[in-house]
Amino acid sequence: MYDFITIERKYGSGGHEIADKLAKKLNYRLYDRGVVVETCKRMGLSYDMVSGMDEQTPVKAIFKVPGQEHLSLEEQIFNTETDIIKEAAETPGAIFVGRCASEILKDKKVLRVFITAETAYRLERARNVEKIEASKAEEVMRRFDKKREKFFTTNSKAKWGDTDYFDLIINSGKITVDDAVAMLEALVKA
């Protein structure tokens with residue numbers, strides 16, 4: 001049995017919905033947007049500010065004063081989220097969505113899952129589930145995927161969606177959300 005499940009996902013693939021349903025089935029704690037909320041509390045920042053910089057690749061400072069660390073706000077947010085994920089992983093039975101948790105928890109007994117789907121399926125979900133205007137859905141999807149890929153690659157040194165890194169890749173456009181949940185549940189309990 002896996003102590004932890006990490007889910008990286010393409011925008012519109014249903015990764016959050018799968019994680020949410022799976023957490024309920026397994027009676028696992030779910031860490032997704034709640035990590036952002038906790039980061040806000042710890043850093044004293046607004047939700048809009050943190051969510052806007054969440055899973056954002058930081059711009060590194062070019063000049064640093066010797067003996068002093070000057071971290072960008074993005075780096076501070078990532079470090080805070082990392083602390084939250086590590087603290088949550090002190091007790092088995094959790095699912096983490098995004099935020100490079102698969103890399104942060106690489107020394108734990110973790111099932112690393114990547115969820116993808118064809119563009120047409122993801123655009124449909126963006127319009128119907130995320131309520132994104134049809135004229136903007138493709139741009140939103142591209143922007144989120146690019147941001148997530150760059151963030152993941154920068155912080156893990158692995159390729160986003162790489163079959164050599166992830167234990168399981170699910171195409172949510174080919175199976176139902178409930179079937180994906182059932183498959184993951186069976187795998188975790190095996």
Side-chain angles (χ1 to χ4, degrees), residues 5-58 73-74 77-78 80-81 84-85 88 94-102 104 111-156 160-161 166 168-185:
I5 302 164
T6 61
I7 296 178
E8 294 292 335
R9 72 280 181 227
K10 285 191 173 183
Y11 183 85
S13 65
H16 174 79
E17 183 180 357
I18 291 168
D20 185 50
K21 288 184 174 189
L22 182 61
K24 290 173 181 161
K25 288 263 189 189
L26 294 172
N27 199 28
Y28 274 29
R29 300 173 321 278
L30 177 63
Y31 294 90
D32 189 358
R33 295 176 189 118
V35 173
V36 175
V37 172
E38 181 61 25
T39 300
C40 294
K41 289 178 189 175
R42 291 186 185 191
M43 295 183 71
L45 300 172
S46 72
Y47 183 85
D48 288 341
M49 179 176 278
V50 173
S51 66
M53 294 182 179
D54 181 50
E55 295 186 306
Q56 188 74 30
T57 305
L73 188 53
E74 292 94 340
I77 289 169
F78 177 70
T80 301
E81 290 180 341
I84 292 165
I85 290 167
I95 299 173
F96 299 90
V97 179
R99 292 161 193 87
C100 228
S102 56
I104 294 166
L111 175 64
R112 296 178 300 194
V113 179
F114 188 83
I115 301 178
T116 188
E118 309 73 27
T119 299
Y121 175 84
R122 295 189 302 127
L123 285 172
E124 182 73 21
R125 277 190 62 90
R127 289 188 298 268
N128 295 326
V129 177
E130 301 293 332
K131 304 300 183 202
I132 305 294
E133 288 181 38
S135 63
K136 296 179 182 178
E138 192 167 348
E139 173 56 32
V140 169
M141 186 177 71
R142 246 187 263 142
R143 189 180 58 219
F144 269 88
D145 283 349
K146 184 178 179 180
K147 178 178 95 162
R148 288 174 178 171
E149 180 176 11
K150 186 174 180 184
F151 176 80
F152 181 83
T153 303
T154 299
N155 291 296
S156 72
W160 197 54
F166 291 95
L168 182 64
I169 297 177
I170 296 174
N171 183 333
S172 60
K174 300 289 184 190
I175 62 174
T176 68
V177 167
D178 290 336
D179 286 343
V181 170
M183 181 174 60
L184 286 166
E185 180 184 16

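The figures that follow rest on heavy atoms only: side chains count, while hydrogens, waters and symmetry mates do not. We count residues from 1, following the sequence as given.
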* To do: Tell me, please, which residues at least two apart from Lys150 pass salt bridge (charged side-chain N to carboxylate O under 4.0 Å, His left out).
  => none
* Asked: Ignoring hydrogens and geometry, is there a side-chain-to-backbone donor-acceptor pair from Arg122 to Ala117 under 3.5 Å?
  -> yes
* Asked: With a 4.0 Å cut-off, would you call Glu8 and Arg112 a salt bridge?
  -> no
* Lys41: partners by salt bridge (charged side-chain N to carboxylate O under 4.0 Å, His left out), with sequence neighbours left out -> none
* Side chain proximity check, Val140 to Arg143, heavy atoms < 4.5 angstrom -> yes
* **Residue that, paired with Val113, satisfies side-chain contact (heavy atoms from CB on, under 4.5 Å) out of Thr6, Ile95, Leu184** => Leu184
* To do: Kindly check if the number of other-residue, nucleotide or ligand heavy atoms within 6.0 Å of NZ (Lys147) is above 12?
  => yes
* To do: Examine distances only and state if a side-chain atom of Ser172 and a backbone atom of Ser13 form a donor-acceptor pair shorter than 3.5 Å.
  => yes
* Structure fact -> For Arg127, the side chain to side chain contact (heavy atoms under 4.5 Å, CB included) test, sequence neighbours excluded, returns Leu123, Glu124, Ala134, Ala137
* Sort and list the pairs that fulfil ring-ring contact (aromatic ring centres under 6.0 Å, His included) and have at least one residue in residues 6-48, not counting sequence neighbours. => Tyr11-Phe144, Tyr31-Phe96
* To do: Could you pull out all residues at least two apart from Phe78 that satisfy ring-ring contact (aromatic ring centres under 6.0 Å, His included)?
  => Phe151
* Main-chain N/O of Ile85 paired with Arg99 side-chain donor or acceptor, under 3.5 Å -> no
* Please answer whether the main-chain N or O of Arg148 pairs with a side-chain N or O of Lys10 as donor and acceptor at a distance below 3.5 Å. => no
* Return the set of residues passing salt bridge (charged side-chain N to carboxylate O under 4.0 Å, His left out) with Glu17 (not counting sequence neighbours), or none when no residue passes. => Lys21, Arg125
